[in-house]
Chemist: 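Here it is: the structure, laid out below.
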Amino acid sequence: MLEVGTKAPDFLLPDQNGEMHSLSDYAGKKVVLYFYPKDNTPGCSKQACGFSELYPQFLEKDAIVIGISKDSVASHKKFEEKYNLRFTLLSDTELSAIQAYDVWQEKKNYGKVYMGVVRTTYLIDEHGIIEKVFSNVRAAENPEKMLEELK
């Protein structure tokens, strides 16, 4: 994981509509940047729905939420439409941001070892500095906890 107090790596990635976004686009706002393994899986769906439900409260605190996974733009679009998500999902099929944020790691599931995205949330301040890091987060609880961090 990246360290608190370091400059968050910038990125340039397409969202669920194919529009490009960079972290620097959000200078002056707090950014809740969360990395998740896969669209339409139970944990990832709970996490996304939680962020979507609370999104107006994030906006009230002058913060935005961005989700990143290695899924395609088309997969993100279906995920957004299925759950009526209200925030930006970025597609990182080349793993550029995923690796820059050190969330591409060895995982184990039922004895099988493989590389994958470790569910991680970064809170980035208005100047692009990492304020807090949450690794191996509980998907269903993460949105509420992040909102509390902004108080």
Chemist: Supply the atom-to-atom distance Glu149 CD to Glu144 CD, rounded to the nearest 0.5 angstrom.
Modeler: 11.5 Å

Chemist: Whether Lys132 engages the ring of Phe134 as a cation-pi pair (distance to the six-membered ring centre under 6.0 angstrom, angle to the ring normal within 45°) should be assessed.
Modeler: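 Judged by the rule, Lys132 and Phe134 form no cation-pi pair.
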
Chemist: Could you report the tightest heavy-atom contact between Leu85 and Ala48, atom names first, then the distance?
Modeler: CD2-O, 3.7 Å

Chemist: Taking atom types as modelled, is there a side-chain donor on Thr88 or Asp15 under 3.5 Å from an acceptor on the other?
Modeler: no

Chemist: Does Glu126 CD have over 12 foreign heavy atoms under 6.0 Å away?
Modeler: yes

Chemist: Using a 6.0 Å cut-off, check whether atom NZ of Lys145 has over 12 heavy atoms from anything other than its own residue.
Modeler: no

Chemist: Among the clusters formed by ILVMFWY side chains lying less than 4.5 Å apart, do Met115 and Val113 turn up in the same one?
Modeler: no

Chemist: Go through Phe35 and Arg119 one step at a time and tell me if the side chain to side chain contact (heavy atoms under 4.5 Å, CB included) criterion holds.
Modeler: CA-CA 6 Å; Phe35 292 87; Arg119 192 182 308 279; over 6 Å; no

Chemist: Starting from the C-alpha separation in whole Å, work towards a yes-or-no answer on side chain to side chain contact (heavy atoms under 4.5 Å, CB included) for Glu3 and Ile130.
Modeler: CA-CA 7 Å; Glu3 300 278 323; Ile130 296 171; over 6 Å; no

Chemist: Run the salt bridge (Lys or Arg N to Asp or Glu O under 4.0 Å) test against Lys107 and tell me which residues pass, sequence neighbours left out.
Modeler: none

Chemist: Do Gln16 and Phe79 have side chains that approach each other closer than 4.5 Å (heavy atoms only, starting at C-beta)?
Modeler: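 With C-beta onward as the side chain, the pair stays apart.
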
Chemist: Please report the shortest heavy-atom distance between Phe58 and Leu150, naming the atom on each side.
Modeler: CD2-CD1, 3.4 Å

Chemist: What is the distance from atom OG of Ser96 to atom NZ of Lys70, rounded to the nearest 0.5 Å?
Modeler: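 Here the interatomic distance stands at 13.5 Å.
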
Chemist: Please find the pair of heavy atoms, one from Glu80 and one from Lys77, that lie closest to each other, and give the distance.
Modeler: OE1-NZ, 2.9 Å

Chemist: Can you tell me how far CG of Leu54 sits from CE of Met146, rounded to the nearest 0.5 angstrom?
Modeler: 12.0 Å

Chemist: Could you pull out the closest heavy-atom pair between Gly43 and Ala139, with the gap in Å?
Modeler: O-CB, 3.1 Å

Chemist: Determine whether Tyr36 and Thr120 make a side-chain contact, defined as any pair of heavy atoms from C-beta on separated by less than 4.5 Å.
Modeler: no

Chemist: If we ignore hydrogens and angles and just use 3.5 Å, is the side chain of His76 paired with the main-chain N or O of Leu90 as donor and acceptor?
Modeler: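 Checked: pair present.
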
Chemist: Would you sort out whether Val137 and Gln47 count as a side chain to side chain contact (heavy atoms under 4.5 Å, CB included), showing the intermediate values?
Modeler: CA-CA 10 Å; Val137 298; Gln47 187 177 23; 4.1 Å; yes

Chemist: Quick one: does Ile68's side chain get under 4.5 Å of Ile98's, heavy atoms only?
Modeler: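 Yes. Closest side-chain heavy atoms under 4.5 Å.
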
Chemist: For the residue pair Thr93 and Ser91, confirm or rule out a side-chain donor-acceptor distance under 3.5 Å.
Modeler: no

Chemist: Looking at Glu148, I'd like to know if its CD atom is crowded, meaning that more than 12 non-hydrogen atoms belonging to other residues, nucleotides or ligands lie closer than 6.0 Å.
Modeler: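 Yes - once you tally the heavy atoms of other residues, nucleotides and ligands closer than 6.0 Å, there are more than 12.
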
Chemist: Could you go through the side chain to side chain contact (heavy atoms under 4.5 Å, CB included) check for Asn136 and Val118 one step at a time?
Modeler: CA-CA 6 Å; Asn136 293 313; Val118 176; 3.0 Å; yes

Chemist: Does Met20 sit in a hydrophobic cluster with other residues, and if so which ones, taking ILVMFWY side chains as linked at heavy-atom separations under 4.5 Å, directly or through other members?
Modeler: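 Listed partners: Leu12.
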
Chemist: Determine the minimum heavy-atom distance between Pro9 and Ala100, stating which atoms define it.
Modeler: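 So the two residues come closest at CG-O, 3.8 Å.
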
Chemist: Could you tell me if the side chain of Tyr122 sits less than 4.5 Å from the side chain of Val4, heavy atoms only?
Modeler: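 SC-SC contact between Val4 and Tyr122 ruled out.
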
Chemist: Is the shortest heavy-atom distance from the side chain of Val31 to the side chain of Ile66 under 4.5 Å?
Modeler: yes

Chemist: Are the side chains of Ser52 and Tyr83 in contact, using a 4.5 Å heavy-atom criterion?
Modeler: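 No. Closest side-chain heavy atoms not under 4.5 Å.
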
Chemist: Hey, are the side chains of Phe51 and Asn142 touching, using non-hydrogen atoms and a 4.5 Å cut-off?
Modeler: yes

Chemist: Do Asn109 and Tyr114 have side-chain heavy atoms sitting under 4.5 Å apart?
Modeler: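 SC-SC contact between Asn109 and Tyr114 confirmed.
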
Chemist: Sort out for me which residue in Leu23, Val32, Ile64, Ile129 forms a side-chain contact (heavy atoms from CB on, under 4.5 Å) with Ile124.
Modeler: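 It is Leu23; the other options fail the test.
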
Chemist: Would you say Val73 and Leu89 are hydrophobically clustered, going by side-chain heavy atoms of ILVMFWY under 4.5 Å?
Modeler: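 Result: no, two separate clusters.
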
Chemist: Do you reckon Tyr26 sits in the same ILVMFWY cluster as Tyr101, going by side-chain contacts under 4.5 Å, direct or chained?
Modeler: yes

Chemist: Pro37 and Cys44: which non-hydrogen atoms are nearest, and at how many Å?
Modeler: CD-SG, 3.5 Å

Chemist: What pairs of residues pass the salt bridge (charged side-chain N to carboxylate O under 4.0 Å, His left out) test when at least one of them lies in residues 23-47, not counting sequence neighbours?
Modeler: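 Those involving residues 23-47 are Lys29-Asp62, Lys30-Glu131, Lys38-Asp71.
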
